[in-house]
Amino acid sequence: MNPTTRFKLSFMMFLEFFIWGGWFVTMGTYLTKNLSADGVQIGSAYSTQSLGAILAPFIIGLIADKFFAAQKILGFLHIIGGILLWFASTSLNFDSFFPFILGYMIAYMPTLALVNSISFKQMKDPGKEFPAIRVFGTIGWIISGLVIGWLNWEQDGNLILTFKMASIASIILGLFSFVLPHTPPVKKQEKTSFGDIIGLDAIGLLKNRSYLLFFIASVAICIPLAFYYNFTNPFLNEVGMKAAAGKQSLGQVSETLFMLLMPLFFVRLGVKKMLAIGMIAWVLRYLLFAFGNADSNYWMLIGGIVLHGICYDFFFVTGQIYTDKLAGDKFKSAAQGFITLATYGVGMLFGSIISGVVVDKYVIASGGHDWYNIWIIPAAISAAVALLFLVFFRDNNKSATTE
């Protein structure tokens with residue numbers, strides 16, 4: 001890969017995740033303070049990610065893979081998304097805000113697959129070359145959080161600027177996309193069925209009892225995951241943490257570190273132990289949040305954030321590798337689409353709904369929240385999932401799909 005292509009792909013990844021991190025982390029706080037939204041409404045706003053994830057395969061499978069070059073669709077979606085984000089920032093109440101953020105996530109979620117497709121097309125050995133490109137996405141997410149913290153937008157009540165910042169970045173990436181390397185449609189002459197789009201070819205994996213347990217655990221663990229994504233920033237701001245969005249970027253730093261260490265852990269621990277450690281880390285994270293505060297137990301808040309690397313890498317990344325191993329060559333792509341649709345689509349959708357109801361249940365008279373009882377609930381869910389997994393899961397290392 002020549003230096004010009006490497007720069008273009010790296011800048012693409014940087015902006016892709018700078019945009020997402022620029023508004024997603026602090027949206028709950030913005031909705032609470034600026035639009036007086038309740039927990040159910042915040043959960044609904046975050047559920048748009050799941051709806052976007054459910055619809056993304058159809059946009060990719062029916063449009064990107066068959067009719068238009070990937071970089072052109074990427075550009076179009078980001079320009080449309082930038083316009084929608086700007087209009088979202090002008091909304092005066094939640095009812096007018098929600099349609100814009102829903103439209104935005106329907107446009108944004110397919111771009112996650114598109115940036116990968118554009119990158120892979122330019123690589124001779126994606127296994128070696130892709131991590132060095134993808135890491136710029138994590139850097140972009142971290143930088144967006146640091147910018148929000150440095151400019152003090154949370155404490156000053158200026159979180160509306162996060163949407164404007166992300167909107168401008170989205171339009172810049174949209175325009176930049178048209179000078180990215182050409183990536184033609186890969187299935188121009190092929191027929192695409194509904195089963196192809198949602199990965200139904202990989203349903204044979206569920207015949208493997210251990211994989212079925214992993215699949216159920218993956219969907220279930222997304223319920224406590226939604227608590228973290230949706231309400232960590234409002235929680236940290238409510239308990240008095242300064243520049244919370246910047247502090248939360250430590251989670252992405254941790255994610256990057258553990259991602260680099262994953263090969264070593266695989267050799268030492270194996271799949272079952274890594275998946276179990278990931279789930280147990282979720283329990284520990286929520287207990288740290290439940291007992292943490294901005295005074296003597298401030299370290300607990302930081303610890304809960306830093307655990308993100310273990311929580312995400314040890315469970316979700318390990319799970320993707322485990323799925324790939326069991327699927328067999330013919331069903332690799334279908335299997336990844338199937339597990340992604342189930343987790344980020346179905347699992348996170350239920351999690352967003354449930355987390356909103358729980359947060360509303362523990363509103364206190366002073367206008368704040370009983371965060372101890374709120375965080376104990378995802379801790380308990382994570383513990384139950386981890387226990388069932390430890391008792392029943394067996395990794396038999398066999399391909400589980402049949403033609």
Out of curiosity, [X] [atom1] to [Y] [atom2], how far, rounded to the nearest 0.5 Å?
X: Ile221; Y: Phe214; atom1: CD1; atom2: CZ; result: 11.0 Å
X: His308; Y: Thr256; atom1: NE2; atom2: OG1; result: 9.0 Å
X: Trp282; Y: Cys311; atom1: CH2; atom2: SG; result: 5.0 Å
X: Leu15; Y: Met12; atom1: CG; atom2: CE; result: 10.0 Å

Specify whether [X] and [Y] have parallel, tilted or perpendicular ring planes, treating 30° as the upper limit for parallel and 60° as the lower limit for perpendicular.
X: Phe14; Y: Phe18; answer: parallel
X: Phe100; Y: Phe87; answer: parallel
X: Trp141; Y: Phe17; answer: tilted
X: Phe289; Y: Tyr228; answer: parallel

So which atom in [X] and which in [Y] form the shortest heavy-atom distance, rounded to 0.1 Å?
X: Gly103; Y: Leu84; result: C-CD1, 3.5 Å
X: Ser352; Y: Ala226; result: N-CB, 3.5 Å
X: Phe94; Y: Gln41; result: CZ-O, 3.1 Å
X: Ala290; Y: Ile376; result: CB-CD1, 4.2 Å
X: Ile305; Y: Lys247; result: CG2-O, 3.5 Å
X: Ser170; Y: His78; result: OG-O, 2.6 Å

Please confirm whether the ring centroid of Tyr104 lies under 6.0 Å from the ring centroid of Trp23.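 Yes - the distance between ring centres of Tyr104 and Trp23 falls below the 6.0 Å cut-off.
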Looking only at the aromatic ring of each residue, does the gap between the centers of Phe235 and Phe231 stay below 6.0 angstrom?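 For Phe231 and Phe235, the ring centres are not under 6.0 Å apart.
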Flag for [Y]-[X]: side-chain donor and acceptor within less than 3.5 Å:
X: Asn116; Y: Ser119; result: no
X: Thr138; Y: Arg134; result: yes
X: Thr29; Y: Asn233; result: yes

Has the side chain of [X] got a donor or acceptor atom that lies under 3.5 Å from a matching backbone atom of [Y]?
X: Tyr286; Y: Pro224; value: yes
X: Asn93; Y: Ser96; value: yes
X: Ser50; Y: Tyr344; value: yes
X: Ser254; Y: Gly309; value: yes

Given Tyr229, Phe24, Phe350, the one that forms ring pair (Phe, Tyr, Trp, His ring centres under 6.0 Å) with Tyr46: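 Going through the options one by one, the only one that passes is Phe24.
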Pair Phe314, Phe265 - check ring pair (Phe, Tyr, Trp, His ring centres under 6.0 Å), show working. CA-CA 9 Å; Phe314 275 55; Phe265 286 120; 5.1 Å; yes
Give the C-alpha distance, both sets of side-chain angles, the deciding distance and a yes or no for ring pair (Phe, Tyr, Trp, His ring centres under 6.0 Å) between Phe176 and Phe11. CA-CA 9 Å; Phe176 180 75; Phe11 187 60; 5.0 Å; yes
